[in-house]
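Because only heavy atoms are used, hydrogens play no part in the values below, and waters and symmetry mates are left out as well, while side chains stay in. Each chain gets a letter, A, B and so on, in the order the sequences are listed, and its residues count up from 1. Since we're looking at a predicted model, the values are computed, not measured.
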There are 2 protein chains.
Amino acid sequence: MTINRDVDQIRDKLEEKGYRLTPQRQAVLETFLANPDRHLSADDVYSIVKATNPEMGVATVYRTLELFRELHIISEQDFGQGMSRYECACDDSHHHHIVCLKCGRVWEFNNATLERVERQLAKDYDFDVVGHNMQLFGYCKNCRQKEDEPGH
Amino acid sequence: MTINRDVDQIRDKLEEKGYRLTPQRQAVLETFLANPDRHLSADDVYSIVKATNPEMGVATVYRTLELFRELHIISEQDFGQGMSRYECACDDSHHHHIVCLKCGRVWEFNNATLERVERQLAKDYDFDVVGHNMQLFGYCKNCRQKEDEPGH
DNA sequence: GTCCTTGCAAAGGCTTTGCAACTGA
DNA sequence: TCAGTTGCAAAGCCTTTGCAAGGAC
């Protein structure tokens, strides 16, 4: 099963650096592996993990998120909602986000043109780019239709 | 003088909606007009305004920022620094940001290709785009050079 | 034993809110 | 008069930190 293999790989990655894959960390990891399409907040992760590990503390979630982010196991996003969101960074594909301001759903996209623009900008500004972030905010088809319904 | 004209225009904009341009609001407005190139945090604005209006309270700054944002007088940015930053939105030009993770300086750029990509994406996803955000994070030339200096 | 890790509670930092007082038309 | 506005302090929210206890090697 893919998830078990992923867990093993990440256990190695942690142990290489002198860290352990504790049950708590594994629970957080599995939450991300089981939700590859979601952009989880710290609180989302906490709630999900707490369901099976009631002894889990929030601080551990935050510490684990920071550790995973450092090791590039997950990546952090800010959609301007007052808290960070995290997603699995298991594949190295850079992608960008389209965020619906009504329902909060997030779509991801890759765009070769964008990557090209980015490389050109890095060159123009003599800038060593280590991360990027492109977000479109607006309203999805679904939410627009709801707006148009009578009574709204 | 341009700034006075801008102030008058915005006074009209406020009064149209039933708001007043109070001395506090004018002080905040002038801070933005006087710093068109900066990306000010709420605390930056507070410090600047407090220098000439010592009675100014933080709450007023936040309330003014929200009001100005609603009226599209300023726009809000989040560079992942734990607080929002605001900039004058007096001209309607959309632009994007290059943020140095070391010195925190921000460069702005416009890019026609990017705008084109954005329009295409809006079409592809049937999305009503009302805002966007492109940020590159990394290290500027200056900070890279400092890193290379002996002793660092 | 030693270092990593944890849960708890307290503290931090940014932002919002309740409220009584004030202001301008 | 009346709605809009303000300063202050308290509260809210997300996140980090101090610390003593627990756990793996």
Phosphate contact (dT15(D) OP1 or OP2) by Ser84(A) side-chain N/O below 4.0 Å: yes
In residues 42-56 of chain B, what residues come within less than 4.0 Å of DNA chain D, judged by heavy atoms? Glu55(B), Met56(B)
So which heavy atom on Leu114(B) is nearest to which on Leu114(A), and how close? CD1-CD1, 3.1 Å
Quickly work out the Asp78(B) CG to dT15(D) P distance and round it to whole Å. 11 Å
Residue list, side chain to side chain contact (heavy atoms under 4.5 Å, CB included) with Ser75(A), at least two apart or on another chain: Glu87(A), Ala89(A)
Looking at dT16(D), I'd like to know if its phosphate oxygens (OP1 or OP2) sit under 4.0 Å from a side-chain N or O belonging to Tyr62(A). no
Specify whether His96(A) and Phe109(A) have parallel, tilted or perpendicular ring planes, treating 30° as the upper limit for parallel and 60° as the lower limit for perpendicular. tilted
My understanding is that only residues two or more places apart in sequence, or in another chain, count here; which of them pass salt bridge (charged side-chain N to carboxylate O under 4.0 Å, His left out) with Asp44(B)? Arg85(B)
Have a look at Ser41(A) and say if it touches a base, only the backbone sugar-phosphate, or nothing, with a 4.0 Å heavy-atom cut-off. nothing
Taking the six-membered ring for Trp and the full ring for Phe, Tyr or His, determine whether the centres of Phe137(B) and His132(A) are under 6.0 Å apart. no
Would you mind classifying the nucleic acid contact of Glu66(A) as base, sugar-phosphate or nothing, using non-hydrogen atoms under 4.0 angstrom? nothing
For Arg119(A), enumerate each residue passing the salt bridge (charged side-chain N to carboxylate O under 4.0 Å, His left out) test, keeping only those at least two apart in sequence or located in another chain. none
Are Trp107(A) and Val117(B) connected in a single hydrophobic cluster, I mean Ile/Leu/Val/Met/Phe/Trp/Tyr linked by side-chain heavy atoms less than 4.5 Å apart? yes
With a 4.0 Å limit, can you tell me whether Gln24(B) has a side-chain N or O closer than that to the phosphate oxygens OP1/OP2 of dG7(D)? yes
Would you be so kind as to tabulate the donor-acceptor pairs closer than 3.5 Å made by side chains of residues 17-25 of chain B, with sequence neighbours excluded?
unit_1	atom_1	unit_2	atom_2	d
Thr22(B)	OG1	Arg25(B)	N	3.1
Arg25(B)	NH1	Arg20(B)	O	2.8

Using the salt bridge (charged side-chain N to carboxylate O under 4.0 Å, His left out) criterion, which residues pair with Arg11(A)? Sequence neighbours excluded. Asp8(A)
With a 4.0 angstrom cut-off to heavy atoms of chain A, pull out the first and last contacting nucleotide of DNA chain C, in 5'-to-3' order. dC3(C) to dC8(C)
Contacts of Lys13(A) meeting side-chain hydrogen bond (donor to acceptor under 3.5 Å, both in side chains) (sequence neighbours excluded), chain-then-number -> none
So, do Tyr86(B) and His39(B) have ring centers that fall under 6.0 Å from each other? no
Could you run down the sub-3.5 Å N/O contacts of the protein with nucleotides 19-25 of chain D?
unit_1	atom_1	unit_2	atom_2	d
dG23(D)	N2	Arg20(A)	NH2	3.4

Could you list the donor-acceptor pairs under 3.5 angstrom formed by side chains in residues 121-128 of chain A, with sequence neighbours left out?
unit_1	atom_1	unit_2	atom_2	d
Asp124(A)	OD1	Gln120(A)	NE2	2.9
Tyr125(A)	OH	Glu108(B)	O	3.2
Asp126(A)	OD1	Arg144(B)	NH2	2.8

Would you mind reading off the bend of the helix from dG1(C)-dC25(D) to dA25(C)-dT1(D) from its two end axes, five pairs each, to 10 degrees? 10°
Taking for each residue the nucleotide of DNA chain D bearing the nearest heavy atom, is the 5' side occupied by Ala59(B) or by Arg25(B)? Arg25(B)
Suppose we screen for salt bridge (charged side-chain N to carboxylate O under 4.0 Å, His left out). Which residues come up paired with Arg69(B), at least two apart in sequence or across chains? Glu76(B)
